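A short worksheet on the structure shown next.
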2 protein chains.
Amino acid sequence: MALRHAVLAALLDVELSGYQLAKSFDLGVANFWYAQPQQLYAELTRLERDGLIAGREVVQDARPNKRLFRVTEAGLAELEDFTAASAKPPFIRDDLLVKVQAADDVDLGALIAQLDERASIAAAKIDLFGQLLRGMRGERTEEEFLRHGDRIGPYLTCMRGLAFEQGNRDWCERAIAVLTERRRAHTRA
Amino acid sequence: MALRHAVLAALLDVELSGYQLAKSFDLGVANFWYAQPQQLYAELTRLERDGLIAGREVVQDARPNKRLFRVTEAGLAELEDFTAASAKPPFIRDDLLVKVQAADDVDLGALIAQLDERASIAAAKIDLFGQLLRGMRGERTEEEFLRHGDRIGPYLTCMRGLAFEQGNRDWCERAIAVLTERRRAHTRA
DNA sequence: TGTGACTAGTCAATTTTATGACTACCATGG
DNA sequence: CCATGGTAGTCATAAAATTGACTAGTCACA
C-alpha cells in the first residue's frame, strides 16, 4: 500500500500515462520512489478500479494510443489520510554495504572496484538532480523559490535525493581511500 | 539472494544465534541491512542446508537452548564471489518522501508533524551510531583506527549509516523550516 | 500469584517486488 | 529493406518481504 500513494503523489501535478510514469519511476528520475513498469501498470489498474484516479484515452497517430491518468477527489482524500498516518522509518538495503561489511575477509581489489563504480554512478545522479533542481527553480534562487514558488514538494524530494547521492559519493571516496591505504600497507608488509 | 550475503557478512566475525542476529538486524543496529526475524530464520535454514554456514547447538539452563552459526569455507567463497559481482544501485523508498512530494496538496500541519517525528528518530539513530563507532575504535582516533584497526568493515558501514541519518535529520529540519514559513505566510494572507 | 517482558524460536498466509518474455506499430539510419 | 530503438502496454511466474499468530520456559516486579 505504499507504491499506491507514490503514484498518487506523482500524478498530482501532471496527467501521465503508465508509460510516462514508468519512465520517471524506473529510470533515474525517481527522486522519491522507485518501481518497475509492470508494478506501475498493475497499480494504476487497481487505483482506477478503486476510483482514486481517472484515466482517459488519448488517441494518437504515428504512435500507439495511451491512457492519461489524473487523481480524483477520492484519491486526494486518500493521500490526505496517508499523510496524517505515521510513516515507518526507512532503512538502508544496499548490496554494497554488505560487501563493505565483509571488507576484512574479501579481496580488496574487487571491493575497491565496486566502490569506484558506485562513486561514479552517484556522481552522475548528483549531476542529474542538480539539473532537475535548476530546471524547477528557473531564474530564482533556491531561497526565493522555496519561499514563493508553487509546487515545492517535488523540489524538496529532489533535494533529498541529491543529498543522498552526495552522501553516497562521499562515503565511497572515503572508503576507497581507507581501503587503498590498507592494501598498500599490507602488500608492502 | 541478497539477505543471504548480508547474513554471511554478519556472521563473519561473531558466532550468533538466529535470535541474536534478528535483534541486530531488526532493531536499530542494522547498520548495513534490515530484515525481520522470520526472514532471518528462514535464511539461516537455507544457508545451513547449502553448507554456507554451520550451526552448533548450545545447551543452556535457565533459558531455551540455541543454535550458534558460523560461516564455512564455502560461505566465505560465496561472499567472495558476491563481492566481485557488480552491485545494483540502491534507491530510496520512503513514505515520508511521498508525503513531501504531495506537500502542495495536503495538510501542512500533519506533514510537518511527520517531519518532526522523523527528525527525532534520526537524531536517536545518530546517537546510537556515534556510540557504536566510539565503541569500535576504543581509545584510538578514527584516523588511527581506520589505518591499523582490524575489522574496519563494520566501522565503515556504520559510518554510512551515521551519514545517512544525518542527511535525514538535516533534510527534515530544512523541510520543516520551509513549510512552516510557507504556512505562516499563507495563513496570514 | 499473576502479569508482563525476555529468550529462542516456528508456521502459515499474504503482499510486494522482481524477472523475463511478448505484442504492436512507427520512425530513423545505414 | 531491414535492423534498431522508442512508444505503449500486457501476461505469467518466481523470489523476497511483511504480517500475524503461536509455543514454551524464565525472570523480575508488584
Side-chain angles (χ1 to χ4, degrees), chain A residues 1-7 11 14-28 30 33-50 53 55-69 82 85 87-95 98, chain B residues 1-8 15-28 30 33-50 53 55-69 82 85-95 98:
Chain A
M1 306 286 189
L3 173 59
R4 198 177 183 74
H5 302 105
V7 171
L11 291 175
V14 249
E15 234 185 346
L16 293 173
S17 68
Y19 187 77
Q20 293 172 306
L21 202 54
K23 286 191 71 172
S24 72
F25 269 66
D26 189 38
L27 287 168
W33 200 264
Y34 166 87
Q36 290 157 304
Q38 295 87 335
Q39 222 186 129
L40 290 169
Y41 283 115
E43 198 60 54
L44 285 170
T45 307
R46 274 191 294 267
L47 280 165
E48 192 178 27
R49 183 201 60 199
D50 298 346
I53 59 174
R56 62 186 181 91
E57 186 86 13
V58 173
V59 179
Q60 306 183 110
D61 48 84
R63 68 188 51 185
N65 297 345
K66 60 182 174 183
R67 305 200 63 213
L68 294 183
F69 295 95
F82 172 68
K88 41 194 163 182
F91 36 78
I92 298 187
R93 243 180 214 166
D94 182 349
D95 280 1
V98 173
Chain B
M1 302 287 193
L3 173 58
R4 197 176 184 72
H5 302 104
V7 170
L8 285 175
E15 235 186 346
L16 292 173
S17 68
Y19 187 77
Q20 293 172 305
L21 203 55
K23 286 192 71 172
S24 72
F25 270 66
D26 189 38
L27 286 168
W33 200 265
Y34 166 86
Q36 289 157 303
Q38 295 87 334
Q39 220 185 131
L40 290 168
Y41 283 115
E43 198 60 53
L44 285 170
T45 305
R46 274 192 294 266
L47 280 166
E48 192 178 25
R49 185 200 59 198
D50 297 348
I53 58 173
R56 63 185 180 92
E57 185 87 13
V58 172
V59 179
Q60 305 184 108
D61 50 85
R63 67 189 50 184
N65 296 345
K66 60 182 174 182
R67 306 201 63 213
L68 294 183
F69 295 95
F82 173 68
S86 98
K88 41 197 160 173
F91 37 77
I92 298 185
R93 244 180 214 165
D94 183 350
D95 280 1
V98 173

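Since the model is a prediction, treat every value here as computed from it, not as a measurement. Proteins come first, then strands; the chains are lettered A, B, ... in the order of their sequence lines, and each starts at number 1.
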Quick one: [atom1] on [X] to [atom2] on [Y], what's the gap to the nearest 0.5 Å?
X: B:Ser17; Y: B:Leu40; atom1: OG; atom2: CG; value: 10.5 Å
X: B:Leu16; Y: B:Ile53; atom1: CG; atom2: CD1; value: 10.5 Å
X: B:Phe69; Y: B:Leu8; atom1: CZ; atom2: CG; value: 12.0 Å
X: A:Asp94; Y: B:Phe91; atom1: CG; atom2: CZ; value: 9.5 Å

Please tell me if [X] has a side-chain N or O lying less than 4.0 Å from either OP1 or OP2 of [N].
X: B:Gln36; N: D:dT18; value: yes
X: B:Arg93; N: D:dA17; value: no
X: A:Lys23; N: D:dA8; value: no
X: B:Gln39; N: D:dA17; value: yes

Is the side chain of [X] donor-acceptor paired with the backbone N or O of [Y] at a distance under 3.5 Å, no angle test?
X: A:Arg4; Y: A:Leu47; result: no
X: B:Tyr19; Y: B:Pro37; result: no
X: B:Arg67; Y: B:Gly18; result: no

Write down the distance between [atom1] ([X]) and [atom2] ([N]), rounded to a whole number of angstrom.
X: A:Arg63; N: C:dA27; atom1: CZ; atom2: P; value: 9 Å
X: B:Leu40; N: C:dC11; atom1: CG; atom2: P; value: 16 Å
X: A:Arg46; N: C:dT14; atom1: CZ; atom2: P; value: 16 Å
X: B:Phe25; N: D:dA17; atom1: CZ; atom2: P; value: 11 Å
X: B:Glu48; N: C:dT10; atom1: CD; atom2: P; value: 10 Å

Shortest side-chain distance from B:Lys88, nucleotide among C:dT19, D:dT7, D:dA17: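 Of the options given, the side chain of B:Lys88 lies nearest C:dT19.
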
Nucleotide of C:dT7, D:dT18, D:dA17 approaching B:Trp33 most closely (side-chain heavy atoms):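 Nucleotide nearest to B:Trp33's side chain: D:dA17.
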
Closest-nucleotide ordering on DNA chain C, the 5'-leading residue of A:Leu3 and A:Asp61: A:Leu3

For nucleotides 9-13 of chain D, list the nitrogen or oxygen atoms of the protein found under 3.5 Å from its nitrogen or oxygen atoms, one pair per line.
residue: D:dG9; atom: OP1; partner: A:Arg67; partner atom: N; Å: 3.2
residue: D:dG9; atom: OP2; partner: A:Ser17; partner atom: OG; Å: 3.3
residue: D:dG9; atom: OP2; partner: A:Gly18; partner atom: N; Å: 3.4
residue: D:dG9; atom: OP2; partner: A:Tyr19; partner atom: N; Å: 3.4
residue: D:dG9; atom: O5'; partner: A:Tyr41; partner atom: OH; Å: 3.2

